[in-house]
Amino acid sequence: MILQRRNRILRSSPAIRSMVAETILTPADFIAPLFIDEGENSAVEIQSMPGYYRRSIDLTIEEVKELWSLGIKSVLLFIKCKDEWKDNTGKEAWNKNGLMQRSIRAIKEAVPEMYVMTDVALDPYSSYGHDGIVQNGEIVNDETVEALVKMSISHAEAGADMVAPSDMMDGRIGAIREGLEQQHYTKTGIMAYSAKYASCFYGPFRDALDSAPGFGDKKTYQMDYANRIEAVKEALMDVEEGADIVMVKPGLPYLDIVREVKNAVTVPVSVYNISGEYAMIKAAAKMGWIDENKAILETLTSIKRAGGDLIATYFAKDAARLINQ
Ligand code: PBG
């Protein structure tokens, strides 16, 4: 055969493949989610997330130091609230000495360079397990937004670099930006969960924080997974309201959305490779059906290739180690 073009030339050795690779993962791409609980010297493995732990603040700090040493620049904090502090207002969420606020201060003191992001939503603090305040069986929008503003300001006051509202209420990004400005937190950023879908893949996360909704589902605020164009609307509105970074969540089943949003906005796009995605890889690897390390790198590279500038992932530490090898 005489061929004009032989595409395999660029695939013929590891050297040429790495020279022409379009997508390169680095540890700075990752945001490491951390689950924090009360107590001391405690690390509890989450049943549906093997190898992932809920830690007390002291052990969380050790973890943060290790993440930093691996080249990971950012953590995203979630806390488990005690049942007796949960109510329908979510007021524990802006307690100056709450677990979240103490965690932020402790991490910023131990590893000041680590970029600390915090989850902003009422579900861990809600007696109903919903992301908002409940009235007559409905999740009310505007009252919830007021609570989210107080929560965001208290995270900023504790030293958070960026707040990450994951609740999907309308108008919360603008309200949070305004609240931060009024209190002179002009350096605190906002990473908006802009296109967050009502997904069955959040199950293991809700086990980790004991935050499953007590009634109904989250479909009146999180997006319908049938929709694509709506994600662009959400992302564009959040950017207009002041989002510094927009997020698409979940990750792997939503790569079309990632690309769509990436093409529509001029801010960085983050993608949340969520708990159910983690659990699926872990389970299949445990059965011997896939190679875990290869699955991790392929998954994260695919998310970046689709347009994810940042990836929140429970594989952050494993992936950083694999990349650094
Ligand atoms: C809640 C929140 C959820 C996740 C992040 N923030 C769950 C939910 O909306 O019910 C899911 C993360 C994951 O599954 O890894 N505001």
| task | Consider only side-chain heavy atoms of I, L, V, M, F, W and Y, link residues closer than 4.5 Å, and tell whether Phe78 and Trp85 are in one cluster. | result | no
| Residues clustered with Val44, ILVMFWY side-chain links under 4.5 angstrom | none
| query | Hey, are Glu241 and Arg177 close enough for a salt bridge, meaning a charged N less than 4.0 Å from a carboxylate O? | reply | no
Atom pairs and distances, donor-acceptor, side-chain atoms in residues 188-200, under 3.5 Å, two or more places apart:
unit_1, atom_1, unit_2, atom_2, d
Ser194, OG, Ala192, O, 3.4
Ser194, OG, Asp238, OD2, 2.7
Lys196, NZ, Ser166, O, 2.9
Tyr197, OH, Asn227, O, 2.7
Ser199, OG, Phe201, N, 2.9

| Those residues that, when tested against Ala147, pass side chain to side chain contact (heavy atoms under 4.5 Å, CB included) (two or more places apart) | Trp94, Leu122, Ile133
| query | Counting heavy atoms not belonging to Tyr225, are there more than 12 under 6.0 Å from its OH? | reply | no
| note | Under a side-chain separation threshold of 4.5 Å, the hydrophobic residues clustered together with Leu70 are none
| field | Pairs involving residues 287-300, ordered by first then second residue, that meet side-chain hydrogen bond (donor to acceptor under 3.5 Å, both in side chains) (sequence neighbours left out) | value | Lys282-Glu292
| task | Answer yes or no: are there more than 12 heavy-atom neighbours, outside Glu84 itself, under 6.0 Å from its atom CD? | result | yes
| said: Just to verify, what does Phe315 make a ring pair (Phe, Tyr, Trp, His ring centres under 6.0 Å) with, not counting sequence neighbours? | reply: Tyr278
| remark: Glu146 meets the side chain to side chain contact (heavy atoms under 4.5 Å, CB included) criterion, sequence neighbours left out, with none
| field | Flag if over 12 foreign heavy atoms under 6.0 Å of CG, Leu3 | value | yes
| Close side-chain approach of Asp29 to Thr26, heavy-atom, < 4.5 Å | yes
| Cut-off 3.5 Å, side chains only: do Asn97 and Arg105 have a donor facing an acceptor? | yes
| Excluding sequence neighbours, so at least two apart, what forms side chain to side chain contact (heavy atoms under 4.5 Å, CB included) with Lys233? | Glu230, Met237
| field | Student check: side-chain heavy atoms of Ser42 and Asp37 closer than 4.5 Å | value | no
| Phe35 and Tyr314 aromatic centres sub-6.0 Å | yes
| query | Of all residues at least two apart in sequence or in a different chain, which pass the ring pair (Phe, Tyr, Trp, His ring centres under 6.0 Å) check with Tyr128? | reply | Phe215
| Residue pairs involving residues 66-79 (criterion side-chain hydrogen bond (donor to acceptor under 3.5 Å, both in side chains); sequence neighbours excluded) | Glu66-Arg321
| message | Just to verify, what does Glu277 make a side chain to side chain contact (heavy atoms under 4.5 Å, CB included) with, not counting sequence neighbours? | response | Pro250, Leu252, Pro253, Asn273, Ile274
| query | Which other residues belong to the hydrophobic cluster containing Met19, where Ile, Leu, Val, Met, Phe, Trp and Tyr are joined when side-chain heavy atoms lie under 4.5 Å apart, directly or via other members? | reply | Leu10, Ile16, Val20
| said: Apply side chain to side chain contact (heavy atoms under 4.5 Å, CB included) to residues Glu234 and Val246 and explain how you reach the verdict. | reply: CA-CA 9 Å; Glu234 288 282 1; Val246 293; over 6 Å; no
